[in-house]
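Every chain is numbered from 1, with letters handed out A, B, ... down the list of sequences. Quick note: numbers below take in every heavy atom, side chains included, and nothing from hydrogens, waters or symmetry partners.
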Protein chains: 2
Amino acid sequence: MYEKYVNILKDHSIKITSQRLEILKYLDEHHTHPNVEEIYSELKKKHPSLSRTTVYNSLEILKKNRIVQSLTISGSELRYDIEEGLHHHFLCKKCGAILDISIACPNMDRTLDGGHRVEEVQGYFKGICKNCQTKEKGRRING
Amino acid sequence: MYEKYVNILKDHSIKITSQRLEILKYLDEHHTHPNVEEIYSELKKKHPSLSRTTVYNSLEILKKNRIVQSLTISGSELRYDIEEGLHHHFLCKKCGAILDISIACPNMDRTLDGGHRVEEVQGYFKGICKNCQTKEKGRRING
DNA sequence: TTCTAATTTGTTATTATTACAATTTAGTAT
DNA sequence: ATACTAAATTGTAATAATAACAAATTAGAA
Ligand SMILES: [Mn+2]
Ligand SMILES: [Mn+2]
Ligand SMILES: [Zn+2]
Ligand SMILES: [Zn+2]
């Protein structure tokens, strides 16, 4: 059940705790780029003793070990994403959804630019998602 | 002196106020991607009656008119940049500097992706800037 | 010059995140 | 299996960025 996540933590010499396993599992099963509050309140349901501080701390150590990445796309809070394959992100300004974007990008895997040492690359697109556009059209017809 | 900025506001039918002119001028003369606090405290020196709320409000209306853009690269606060020519950004994790990056990017001017309507595109690179790397080397030799 | 809607200002409220100290626990050594 | 200890978890308090709000001021039209 949790073996997969236990191994990930072991591989990085991170102490194994139920809280870390749950957070990692949550991110692995929800590719919706949740914020701290979402992760916390979801997991709190099954593990009432969980503390918000632990969510912050756990995400921090997972990030340092490059097991997860944080996205600053929303501008008001960090969003978290399990690290698997580089990809870009799209934020819908209407519904707030953050979607994975798979497009070829020559700069994605760049490790150096103009003498700067590059450790992270993020491509953010913002606008109105396909789904919200459909809703807009519908409203126009009816109103 | 302020003619350039007066015209920009006029072109967008934005009411001309000294506060807006000062903020616009500041961004035009400082391409350092300042945050609200920096803009506020700098301008406050010469215009002691300036309110922080006005800085927030002014930047908001300038942004809506696409005269400036806000960057979420830092993750903790918005950074502002006058809109001229699409370009990417690099954040130094050590000194906090945000630098313009001019690289060819096929996705910069994208307006549609997978059915989503794209209104903003931002490319963020994070790492250690050239300058901070030099300092690191120096410290190694001396200590 | 007068008028009014829009803007500015100062204050208060909200929200995300960090700091901190007491309690608990994972993993090691016995 | 037990005891130990450094590290992790918890709950609370502090900080910082931003938003909400209402009173005072002002840009620009009449
Ligand atoms: Mn993603
Ligand atoms: Mn820039
Ligand atoms: Zn949407
Ligand atoms: Zn630097």
Side-chain angles (χ1 to χ4, degrees), chain A residues 2 5-24 26 33-65 67-68 70-80 93 96 98, chain B residues 2 5-24 26 33-41 43-44 46-65 67-68 70-80 93 96 98:
Chain A
Y2 289 90
Y5 310 114
V6 168
N7 287 332
I8 293 176
L9 296 184
K10 273 188 182 167
D11 288 349
H12 290 267
S13 312
I14 300 173
K15 215 176 243 187
I16 290 143
T17 68
S18 60
Q19 293 87 342
R20 289 171 181 175
L21 292 173
E22 290 295 343
I23 291 166
L24 197 46
Y26 187 83
H33 314 96
N35 60 18
V36 168
E37 197 56 30
E38 285 166 39
I39 299 169
Y40 169 71
S41 57
E42 262 324 295
L43 298 182
K44 185 95 177 169
K45 291 177 186 169
K46 298 240 173 181
H47 305 269
S49 76
L50 181 65
S51 159
R52 220 183 305 260
T53 302
T54 299
V55 179
Y56 277 103
N57 290 342
S58 300
L59 289 169
E60 188 56 33
I61 197 173
L62 292 175
K63 191 182 164 190
K64 269 185 190 149
N65 283 271
I67 297 167
V68 308
S70 66
L71 308 180
T72 63
I73 192 169
S74 97
S76 61
E77 80 227 327
L78 293 181
R79 297 302 197 109
Y80 290 87
K93 290 174 178 179
I98 296 174
Chain B
Y2 289 89
Y5 311 113
V6 168
N7 288 331
I8 292 175
L9 296 184
K10 274 186 182 167
D11 288 350
H12 291 266
S13 312
I14 300 172
K15 217 175 242 187
I16 289 140
T17 67
S18 60
Q19 293 87 341
R20 288 171 181 176
L21 291 174
E22 289 296 343
I23 291 167
L24 197 46
Y26 187 83
H33 315 95
N35 59 17
V36 167
E37 197 55 33
E38 284 166 41
I39 298 169
Y40 169 72
S41 56
L43 297 182
K44 184 96 178 170
K46 300 240 173 181
H47 306 267
S49 75
L50 181 65
S51 159
R52 220 182 305 260
T53 302
T54 299
V55 179
Y56 277 103
N57 290 342
S58 300
L59 290 169
E60 188 56 32
I61 197 172
L62 292 174
K63 192 184 164 188
K64 268 185 191 150
N65 283 271
I67 298 167
V68 308
S70 65
L71 308 181
T72 63
I73 192 168
S74 96
S76 62
E77 80 227 329
L78 293 181
R79 297 301 198 110
Y80 290 88
K93 290 175 179 177
I98 295 174

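The side-chain hydrogen bond (donor to acceptor under 3.5 Å, both in side chains) search around A/H47 returns A/E22, not counting sequence neighbours. A search for side-chain hydrogen bond (donor to acceptor under 3.5 Å, both in side chains) contacts involving A/Q19 returns nothing, not counting sequence neighbours. Applying the side-chain hydrogen bond (donor to acceptor under 3.5 Å, both in side chains) criterion to A/T17, with sequence neighbours excluded, gives no partner residue. For A/K46, there are no side-chain hydrogen bond (donor to acceptor under 3.5 Å, both in side chains) partners at least two apart in sequence or on another chain. For A/Y5, there are no ring pair (Phe, Tyr, Trp, His ring centres under 6.0 Å) partners, not counting sequence neighbours.
Sorted by first and then second residue, the salt bridge (Lys or Arg N to Asp or Glu O under 4.0 Å) pairs involving residues 51-60 of chain A (not counting sequence neighbours) are A/E37-A/R52. Applying the side chain to side chain donor-acceptor pair (under 3.5 Å) rule to pairs touching residues 6-16 of chain A yields nothing, sequence neighbours excluded.
Where the helix from C/dT1-D/dA30 to C/dT30-D/dA1 starts and where it ends, the local axes point in directions that differ by 30°; five pairs per end, rounded to 10°.
In this structure, A/R52 atom CZ and D/dT10 atom C1' are separated by 12 Å, rounded to whole Å. Rounding to whole angstrom units, CG of residue B/L78 and C1' of D/dA19 are separated by 12 Å. Protein atom CD of B/E60 is 11 Å distant from nucleotide atom C1' of D/dA19, rounded to whole Å. What separates OH of A/Y56 from P of D/dG11 is a distance of 16 Å, to the nearest Å. Atom CZ of B/R79 and atom C1' of D/dT18 are 15 Å apart (whole Å). In this entry the distance linking CD1 of B/I61 with C1' of D/dA27 reads 13 Å, nearest Å.
Put simply, the side chain of B/Y2 does not reach to within 4.5 Å of the side chain of B/L24, judged on heavy atoms.
Along DNA chain C, read 5' to 3', the first and last nucleotides having any atom under 4.0 Å from a heavy atom of chain B are C/dA6 to C/dT11.
B/N35 comes within contact range of no nucleotide atom at all, as no heavy-atom separation falls under 4.0 Å. Among the heavy atoms of the strands lying under 4.0 Å from B/T17 are primed sugar atoms or P, OP1, OP2 only; no base atom is included. Using a 4.0 Å heavy-atom criterion, one finds that A/T54 contacts the bases of the nucleic acid, with or without backbone contacts as well. At the heavy-atom level, A/E37 lies nowhere under 4.0 Å from the strands shown.
Here the CD1-CG distance, from A/I61 to A/L9, works out to 8.5 Å after rounding to the nearest 0.5 Å. We find the CD1-CG distance between B/I14 and B/N65 to be 3.5 Å, quoted to the nearest 0.5 Å. Taken from CG in B/L59 to NZ in B/K64, the straight-line distance is 12.5 Å, to the nearest 0.5 Å. Distance OG1/B/T72 to CG/B/L78: 7.5 Å, rounded to 0.5 Å. Distance OH/B/Y56 to CD1/B/I39: 10.0 Å, rounded to 0.5 Å.
Near DNA chain D, meaning a heavy atom under 4.0 Å from it, residues 9-16 of chain B has B/K15, B/I16 in order of number. Within residues 43-51 of chain A, the residues that place at least one heavy atom under 4.0 Å from DNA chain D are, in residue-number order, A/S49, A/L50, A/S51.
Residue B/Q19 places none of its side-chain N or O atoms closer than 4.0 Å to OP1 or OP2 of D/dT26.
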Report each atom pair, protein N/O against N/O of nucleotides 14-16 of chain D, whose distance is under 3.5 angstrom.
none

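The backbone N or O of A/T54 sits less than 3.5 Å from a side-chain atom of A/S58, completing a donor-acceptor pair. A donor-acceptor distance shorter than 3.5 angstrom exists from the side chain of B/R79 to the backbone of B/H33, with no hydrogens or angles considered.
Taking for each of B/S76 and B/N57 the nucleotide of DNA chain D with the nearest heavy atom, the 5'-most of the two is the partner of B/S76.
Residue B/K44 qualifies as enclosed at atom NZ: its count of foreign heavy atoms under 6.0 Å is above 12.
When each of B/I67, B/I8, B/N57 is tested with B/L62 by the rule side chain to side chain contact (heavy atoms under 4.5 Å, CB included), just one qualifies, namely B/I67.
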